[in-house]
Amino acid sequence: MKLKLDENWTTKNNGYPLFDSEVERYISVVPNEHQLRLQEKPFYAFLHFGMNTANDREWGNATETVKDFDISKVKPAQWVKAVKAAGMTGIILTCKHHDGFCLWDTKMTDFKATNSLIGMDIVKAVADECYCNDIDFGVYLSPWDMHEKTYGTPAYNDYFVAQLTELCTNYGKLFEVWFDGAKGADAKAFTYDWQRYYDVIHKLQPDANIAVCGEDIRWVGNEAGKTRKSEYSVVPSSLRKCEAVEKNSQQGVDDAQRLQRIDTMDEDLGSRAILKTNEYLCWYPAQVDVSIRKGWFYHKKDDKTVKSVKKLLNIYINSVGNNCVLLLNIPPNKNGVIHSKDTTVLKKLGRKISEMTQNPVIESKPGELSKEQGYLEYLFDSPKKLKYFIASEDISQSQRVEKFDLYLLKPNGKYKKAYSGTIIGSRKIVKLKGKALGALFIIRQSRSNPVIKSIGFYE
């Protein structure tokens with residue numbers, strides 16, 4: 001097999017300029033401090049819980065009353081335990097879904113949990129449990145509100161800002177604020193004052209990332225756990241416009257299934273061909289949001305749809321291991337706990353993720369590569385049965401690698417191509433098979449000198 005070692009980023013660079021004014025423009029785009037922290041904790045939980053849990057629905061219908069929320073207890077300690085067992089580092093709670101029912105003691109409406117049978121501030125209970133167990137806490141607040149009478153008028157923006165202010169003020173440090181663009185097809189035409197919402201968060205929670213109708217994290221574009229082949233973080237700034245997210249989000253309760261059926265997308269968001277035609281660029285990494293079961297809220301009929309450990313591990317590898325963050329939804333049930341089928345799978349998943357890096361063969365921190373490092377060669381002390389190759393760029397220096405090849409040195413002394421990839425970004429995870437005596441990591445194309453934070457081979 002011809003390895004073509006002389007065809008790498010230091011020589012041909014796959015026919016692209018290694019460094020010119022355009023490349024300089026691309027690599028000048030870097031993450032802010034809270035986006036950097038995000039990439040260190042790329043796997044966290046969504047907890048859909050609220051009026052829909054009580055009524056066994058996915059969306060409300062605008063007829064609910066406080067009495068309909070007949071849940072009498074919640075056990076946040078069990079929620080946090082399940083999340084930690086899976087290796088997740090944070091929780092985002094649906095503090096208000098589209099039905100408008102609030103899980104906290106808001107002053108803006110009587111339609112809230114503290115006026116219901118349970119009589120408690122559920123947001124505070126969950127937030128407190130998170131902070132006691134070193135789990136980050138974040139909030140989901142639906143802009144669409146079926147219950148609030150001011151919705152569709154300018155007064156609703158004031159109402160929403162007041163509720164957002166409460167959540168950003170009374171529940172400790174938030175790591176993420178999550179907005180979605182879902183809106184019923186028959187909902188009143190209304191323009192949300194997004195910039196005003198962002199300004200509140202910037203002032204009160206300056207370290208929080210804003211997703212998905214937000215400035216810091218973009219929606220991957222489906223709810224099926226699928227990603228693009230090349231999931232870039234440096235993209236045109238126009239992608240931050242929330243209108244596009246609203247248009248492509250759920251327009252009806254049945255759309256959840258449509259969004260789960262979308263195949264891996266081929267859209268190019270960040271190649272040189274795209275970037276060169278856009279004057280304004282931004283760092284905007286993708287978030288994969290997917291539910292552990294068929295629905296977002298708990299339904300007993302969905303107990304048989306809980307995803308297997310194998311399925312979830314593949315989603316993890318194809319999201320966290322493809323320069324994305326993974327937001328896995330785990331819906332508590334009407335008894336205020338996460339179902340045992342879910343917790344069993346989560347515990348096994350956490351073990352599988354931990355095992356990925358338990359047996360390192362070689363771990364290195366190359367840093368910025370020089371002109372003499374068109375490829376990196378690794379030799380093992382004996383034949384190793386490899387399972388994973390994991391690489392990360394130093395994204396504080398932007399996203400640079402655009403194409404690479406990985407070859408394994410087989411016990412017969414010959415090299416065999418194990419993988420051809422494009423981007424690396426915050427993390428690239430490659431599943432490997434078979435025994436090897438060593439490996440060649442060849443970067444074929446890059447935007448300026450690659451800056452590799454870490455490379456690891458694992459048994």
Side-chain angles (χ1 to χ4, degrees), residues 1-31 39 227-236 264-278 281-286 318 321-324 364-378 389-408 415-432 439-457:
M1 174 178 286
K2 293 183 179 180
L3 302 178
K4 299 181 180 179
L5 295 178
D6 59 337
E7 294 183 11
N8 58 62
W9 71 274
T10 70
T11 56
K12 296 183 178 181
N13 202 39
N14 204 31
Y16 287 86
L18 177 63
F19 193 84
D20 59 12
S21 59
E22 271 297 284
V23 169
E24 184 174 9
R25 187 167 75 94
Y26 305 157
I27 66 173
S28 69
V29 181
V30 297
Q39 303 295 355
T227 61
R228 297 167 177 82
K229 179 182 178 181
S230 301
E231 205 64 73
Y232 291 95
S233 294
V234 178
V235 296
T264 301
M265 295 172 294
D266 295 324
E267 287 93 337
D268 178 1
L269 297 182
S271 72
R272 298 192 191 207
I274 295 297
L275 300 188
K276 72 179 182 180
T277 62
N278 286 268
L281 308 178
C282 66
W283 186 271
Y284 204 29
N318 292 323
N322 192 29
N323 193 43
C324 301
S364 66
K365 297 181 179 180
E368 182 171 350
L369 303 189
S370 69
K371 279 285 190 178
E372 290 71 44
Q373 293 174 296
Y375 60 90
L376 300 176
E377 185 175 15
Y378 296 90
F389 164 79
I390 303 177
S392 296
E393 291 185 74
D394 181 354
I395 59 172
S396 70
Q397 305 299 311
S398 195
Q399 184 178 4
R400 300 192 179 197
V401 176
E402 296 174 299
K403 184 175 175 60
F404 71 92
D405 288 328
L406 180 66
Y407 291 85
L408 296 182
Y415 277 100
K416 181 179 179 180
K417 183 182 286 188
Y419 188 81
S420 286
T422 56
I423 60 96
I424 294 177
S426 61
R427 192 175 284 100
K428 184 67 181 181
I429 302 175
V430 178
K431 295 169 78 171
L432 301 173
L440 280 173
F441 174 60
I442 310 170
I443 297 176
R444 304 291 189 184
Q445 182 180 326
S446 181
R447 300 171 184 176
S448 187
N449 294 47
V451 186
I452 307 300
K453 183 177 181 180
S454 64
I455 283 178
F457 294 89

Between Pro17 and Val23 the two heavy atoms that sit nearest each other are O-CG2, 3.7 Å
Quick one, Glu368 and Val451 - any side-chain contact, counting heavy atoms below 4.5 Å? yes
Between Pro31 and Gln39, is any pair of side-chain heavy atoms under 4.5 Å apart? no
When you compare the side chain of Glu393 with that of Pro450, does any pair of heavy atoms fall below 4.5 Å? no
Is there a side-chain contact (heavy atoms from CB on, under 4.5 Å) between Ile390 and Arg427 once you walk through the steps? CA-CA 7 Å; Ile390 303 177; Arg427 192 175 284 100; 4.1 Å; yes
Side-chain heavy-atom pair Asn322, Ile423 within 4.5 angstrom cut-off: yes
dist Leu408:CG -> Phe457:CZ (nearest 0.5 Å) comes out at 7.0 Å
Just how far is it from atom NZ of Lys12 to atom CG of Asp6, taken to the nearest 0.5 Å? 6.5 Å
Has Asn8 got a side-chain atom pairing as donor or acceptor with Thr10's backbone, closer than 3.5 angstrom? yes
Out of Pro366, Ser364, Ser392, which residue meets the side chain to side chain contact (heavy atoms under 4.5 Å, CB included) rule with Ser454? Ser392
Please lay out, stage by stage, how Ile424 and Ile443 fare under the test side-chain contact (heavy atoms from CB on, under 4.5 Å). CA-CA 11 Å; Ile424 294 177; Ile443 297 176; 5.7 Å; no
Measure the shortest side-chain to side-chain distance between Leu18 and Lys371 over non-hydrogen atoms and say whether it is less than 4.5 angstrom. yes
Is it true that a side-chain atom of Arg272 and a backbone atom of Glu22 form a donor plus acceptor pair closer than 3.5 Å? no
Going from NZ on Lys416 to CG on Leu3, what distance comes out if it is rounded to the nearest 0.5 angstrom? 14.0 Å
Without swapping roles, check the side chain of Arg25 against the backbone of Leu281 for a donor-acceptor pair under 3.5 Å. no
Report the distance from atom CD1 of Ile442 to atom CD of Glu377, rounding to the nearest 0.5 Å. 10.0 Å
How about Tyr419 and Phe389: are their ring centres within less than 6.0 Å of each other? no
Go through the steps for Asn13 and Ser446 under the test side-chain contact (heavy atoms from CB on, under 4.5 Å), then give the verdict. CA-CA 7 Å; Asn13 202 39; Ser446 181; 4.3 Å; yes
Taking C-beta and beyond as the side chain, do Trp9 and Asn449 meet within less than 4.5 Å on heavy atoms? yes
Output yes when Arg447 and Glu402 qualify as a salt bridge under the 4.0 Å nitrogen-oxygen rule, no when they do not. yes
Check: Ser398 side chain, Val29 main-chain N or O, donor-acceptor pair, under 3.5 Å: yes
For the residue pair Ile395 and Trp283, establish whether any side-chain heavy-atom pair is separated by less than 4.5 Å. yes
Rounded to the nearest 0.5 Å, what separates atom CG in Asn323 from atom CD1 in Ile429? 11.5 Å
Output yes when a side-chain donor or acceptor of Asp405 lies under 3.5 Å from a complementary backbone atom of Ser420, and no otherwise. no
Val401 and Ile452: which non-hydrogen atoms are nearest, and at how many Å? CG2-CD1, 4.0 Å
Give a yes or no on whether the backbone of Cys324 and the side-chain of Glu231 come within a donor-acceptor separation of less than 3.5 Å. no
More than 12 non-hydrogen atoms from neighbouring residues, nucleotides or ligands closer than 6.0 Å to OH on Tyr378, yes or no? yes
Classify the ring geometry of Tyr415 against Tyr407: parallel below 30°, tilted from 30° to 60°, perpendicular beyond 60°. perpendicular
Side-chain contact test, heavy atoms from C-beta onward, threshold under 4.5 Å: evaluate it for Lys276 versus Tyr26 and give yes or no. yes
What's the spacing between Asp20 CG and Ser448 OG if we round to 0.5 Å? 10.0 Å
Examine distances only and state if a side-chain atom of Arg228 and a backbone atom of Asp268 form a donor-acceptor pair shorter than 3.5 Å. no
Quick check on Phe441: does its CZ atom have over 12 non-hydrogen neighbours (other residues, nucleotides or ligands) under 6.0 Å away? yes
